[in-house]
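Owing to the predicted nature of the structure, the values given are computational and were not obtained by experimental measurement. No hydrogens, no waters, no symmetry mates; every other heavy atom, side chains included, goes into these values.
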Amino acid sequence: MTTGTTGIAEGATAAERTLVLAALAAPSATERTELIDSAKEVTDWAGLLDLARRNATVPLVQRRLAAEGLFDLVPAPVRSGFAAVTDRIAEVNDRRLAAALEVLRRFDERGVRCVVLKGMLFSTEIYHDPRYKRMNDLDILVEVDQIDTVLEIYRELGLFATSELLGKAPKVRTRRSHHLPSFVSRDGALVIGTHWGLITPLAPYTIDYDGIWSRVRRIDFYGVPAWAMAHEDNLHHLGVHLPYYKTGVRELGDIWNLARHAADLDYDLLIREMRTAGSEPLMYHALSLAHRLVPVPPFAEVIEAARPRAGRFVRYDTARKTADVHTLLRSRSTHTSRIEKAYTEFNMTTRAAEKREGFARLWSGLLLVPAEEARRMSSLREPSALSLLGARVAAPYRLTRVFQRDLGTWLFPAALAKTVADLAAAYAGEALRRTGRGGPERPGIEEYAARLGLTRQDLQAVLDSQE
């Protein structure tokens, strides 16, 4: 184990500390010295690359090691492994950014106040590098009364909504949702998440959107005028939006790097916004995890303010996650994303056979969680067979809590019930058609894709680009 004066990744190995220190966007002189010392102690660089992959932060780590003259310490085969990931992400991100700039340029010309959210924003304001991590999409926040103009611009640029795969036009449903369906360019280079809110209105949180819009600010986004939320609102959004189990350095790094970047961040305002929203459980969890790896002194006050209303389960589970740095750095799970993709694919078709495939992936992902994913969710380091069995038994409950948190208490079970009804309806329809009473055969995924000038492989590539 290595130690340092900064308290960063306290109790970690040299490789683990190197990973976290290399994920600082703007390290101090002391932190740079600690990084150099830690890197010189690393004996398993292949293991560090694997850890960087687990935490989805390979480009950021490579960039910092190179900037400090440490990348030559890495054996050539491992350097090639770093470069392969970094170059692939750079290629995808460059295409995504180029397409995003054209969209934002149109918004500015038409008077749409478009707020750039999360990674795309931080790439220019904090990291000064559009390639610092894999960008799943361009997330934006717009005022709901400007959605019609936004849709016009999407049409002009040839983007399509994922809902159109089933012939459903995108609709604004402010009581049920906080965003439009994803819009995608036909070459798959750009995916846009268009939001008028930051979390579903069905969740038990009350975000002060009037306050957010009163604090937005003008920014220069790679040469194109755009807007950004205030630092306090960006930090609140990161805490509210943090996936419960996808908590690697990729996600937590944005939290601590934003706080370190925004020296004038008003934590009293942040606490007031948190209390107004009722988001104490989300903020307690997010800031506690980030603070464990990279201490940010003001976080302690916010965590204590959130503690009384964080809830027993969140306090207990957060304590488990933060007890051991080794486990925390290996607990990032994208299993919920796989379940969400299966649900999307289930809804992309009306054919019984295709629905059955999506249905099987969805329900098996929810009920038969792989052992490794269950271990991560339960923050187990070296579990016994009995502990691992307990983690797998508990995993469906844990996943249900997360989806109910994100979608609303009743929407998630209602969505699951609907998959059963939809599958039964698809098979009933096919049985009727075999008797000549069910009407024409319904199109499948390939037919819907063809209507948009795409192939099924094109659609799968878009789904695979999302994590």
Would Glu31 and Arg64 count as a salt bridge (Lys or Arg N to Asp or Glu O under 4.0 Å) here? Give the steps.
CA-CA 12 Å; Glu31 291 161 348; Arg64 177 53 55 189; over 6 Å; no

For Trp256 and Leu289: C-alpha separation, side-chain torsions, deciding distance, then whether side-chain contact (heavy atoms from CB on, under 4.5 Å) applies.
CA-CA 10 Å; Trp256 70 60; Leu289 268 57; over 6 Å; no

In sequence, state the C-alpha distance, the side-chain angles, and the governing distance for Thr200 and Tyr205, and then conclude on side chain to side chain donor-acceptor pair (under 3.5 Å).
CA-CA 9 Å; Thr200 173; Tyr205 310 109; over 6 Å; no

Step by step, would you call Arg131 with Asp94 a salt bridge (Lys or Arg N to Asp or Glu O under 4.0 Å)?
CA-CA 8 Å; Arg131 305 170 171 181; Asp94 287 350; 2.6 Å; yes

Begin with the C-alpha distance, continue with both residues' side-chain angles, and end with the deciding distance and a verdict on salt bridge (Lys or Arg N to Asp or Glu O under 4.0 Å) for Arg307 and Glu304.
CA-CA 5 Å; Arg307 183 185 300 274; Glu304 285 307 306; 2.8 Å; yes

May I have the step-by-step check of side-chain contact (heavy atoms from CB on, under 4.5 Å) for Ile212 and Ile207, ending in yes or no?
CA-CA 9 Å; Ile212 288 174; Ile207 306 294; 3.6 Å; yes

Pair Arg218-Asp108, salt bridge (Lys or Arg N to Asp or Glu O under 4.0 Å): steps then yes or no
CA-CA 11 Å; Arg218 274 283 198 178; Asp108 182 61; 3.4 Å; yes

Stepwise side-chain contact (heavy atoms from CB on, under 4.5 Å) test for Val112 and Trp227
CA-CA 10 Å; Val112 175; Trp227 297 79; over 6 Å; no

Start with the C-alpha distance between Asp187 and Arg95, add both sets of side-chain angles, then the distance that settles side-chain contact (heavy atoms from CB on, under 4.5 Å), and finish with yes or no.
CA-CA 10 Å; Asp187 62 357; Arg95 293 176 64 215; 3.8 Å; yes

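A side-chain donor-acceptor contact under 3.5 Å links Arg96 to the backbone of Ala189. Glu16 places a side-chain N or O within 3.5 Å of a backbone atom of Thr13 that can act as its donor or acceptor partner. In this structure a side-chain-to-backbone donor-acceptor pair under 3.5 Å is missing from Asp50 to Ala46. Between the Gln404 side chain and the Thr409 main chain, a donor and an acceptor come within less than 3.5 Å of each other. Between the side chain of Arg32 and the backbone N or O of Pro27 there is no donor-acceptor pair closer than 3.5 Å. In terms of modelled atom types and a separation under 3.5 Å, the side chain of Thr124 and the main chain of Leu121 share no donor-acceptor contact. Between the side chain of Glu251 and the backbone N or O of Gly248, at least one donor-acceptor pair lies under 3.5 Å. One N or O on the side chain of Glu232 and one on the backbone of Asp266 form a donor-acceptor pair closer than 3.5 Å. Side chain of Ser80 to backbone of Ala76: a donor-acceptor contact under 3.5 angstrom is found. Although no hydrogens or angles enter the test, the distance criterion places a donor-acceptor pair under 3.5 Å between the side chain of Arg17 and the main chain of Ile8.
In terms of heavy-atom proximity, Arg292 sits nearest to Ala323 at NH2-O, 4.4 Å. The two residues Ala290 and Ile255 have their closest heavy-atom pair at CB-CG2, 3.8 Å. Residues Pro297 and His291 approach most closely at N-CE1, 4.3 Å, considering heavy atoms. Nearest approach of Ala395 to Ala374, heavy atoms of both residues: CB-CB, 4.4 Å. Heavy atoms only, all atoms of each residue included: Asn93 and Pro130 are closest at ND2-O, 3.1 Å. Considering every non-hydrogen atom in both Ala25 and Ile126, the closest pair reads CB-CG2, 3.8 Å.
The only member of Asp324, Leu329, Val325 that meets side chain to side chain contact (heavy atoms under 4.5 Å, CB included) when paired with Thr327 is Asp324. When the options His241, His237, His178 are evaluated for a ring pair (Phe, Tyr, Trp, His ring centres under 6.0 Å) with His195, the one that passes is His178. Here the rule is side chain to side chain contact (heavy atoms under 4.5 Å, CB included) with Pro370, and of Arg338, His335, Arg375, Arg376 only His335 fits it.
For Glu102, the CD atom is densely surrounded, since the number of other residues' heavy atoms within 6.0 Å is greater than 12. Summarising the local packing, CD of Glu109 is surrounded by more than 12 heavy atoms from other residues, nucleotides or ligands at distances under 6.0 Å. The environment of CZ in Arg176 is sparse: at most 12 heavy-atom neighbours from other residues, nucleotides or ligands sit within 6.0 Å. Within a 6.0 Å radius of OH in Tyr316, other residues, nucleotides and ligands contribute 12 heavy atoms or fewer.
A salt bridge does not link Asp268 with Arg272: none of the charged nitrogens is closer than 4.0 Å to a carboxylate oxygen. Look at Glu345 and Lys341 and you find no salt bridge, because none of the NZ, NE, NH1 or NH2 atoms lies under 4.0 Å from a carboxylate O. A salt bridge is absent between Glu373 and Arg392; no separation between the charged side-chain nitrogens and carboxylate oxygens falls under 4.0 Å.
Looking only at side-chain heavy atoms (C-beta outward), Ile199 and Asp406 stay at 4.5 Å or farther from each other. Met274 has its side chain out of reach of Arg309: every pair of non-hydrogen atoms, C-beta onward, lies at least 4.5 Å apart. At least one side-chain heavy atom of Thr334 sits less than 4.5 Å from a side-chain heavy atom of Arg332. Counting heavy atoms from C-beta outward, Val115 and Val142 have side chains that stay 4.5 Å or more apart. Here the side chains of Leu380 and Arg320 are in contact, with some heavy-atom distance below 4.5 Å. Tyr284 places none of its side-chain heavy atoms less than 4.5 Å from the side chain of Val302. Between Leu242 and Leu282 there is no side-chain heavy-atom pair separated by less than 4.5 Å. Arg106 places a side-chain heavy atom less than 4.5 Å from the side chain of Leu157.
Tyr209 and Asp233 share no side-chain donor-acceptor pair at under 3.5 Å. For the residue pair Tyr127 / Arg63, no side-chain donor-acceptor distance below 3.5 Å is found, with atom types taken as modelled. Residues Tyr222 and Ser123 have side chains that bring a donor and an acceptor to within less than 3.5 angstrom of each other. No hydrogens or angles considered: nothing links the side chains of Tyr132 and Asn257 as a donor-acceptor pair under 3.5 Å. Side-chain N/O atoms of Gln62 and Thr86 include a donor and acceptor closer than 3.5 Å. Looking at Ser384 and Ser387, their side chains do bring a donor and an acceptor atom within 3.5 Å of each other.
Ring-plane geometry between Tyr244 and His285 is classed as parallel, the angle between the planes falling under 30 degrees on a 0 to 90 degree scale with a further cut at 60.
Qualifying side chain to side chain donor-acceptor pair (under 3.5 Å) partners for Arg312, counting only residues two or more places apart in sequence or in other chains: none.
For the pair Arg401 and Phe313, the cation-pi criterion (under 6.0 Å, within 45° of the ring axis) is fulfilled.
The list of ring-ring contact (aromatic ring centres under 6.0 Å, His included) pairs with a residue in residues 31-77, not counting sequence neighbours, reads Phe71-Phe82.
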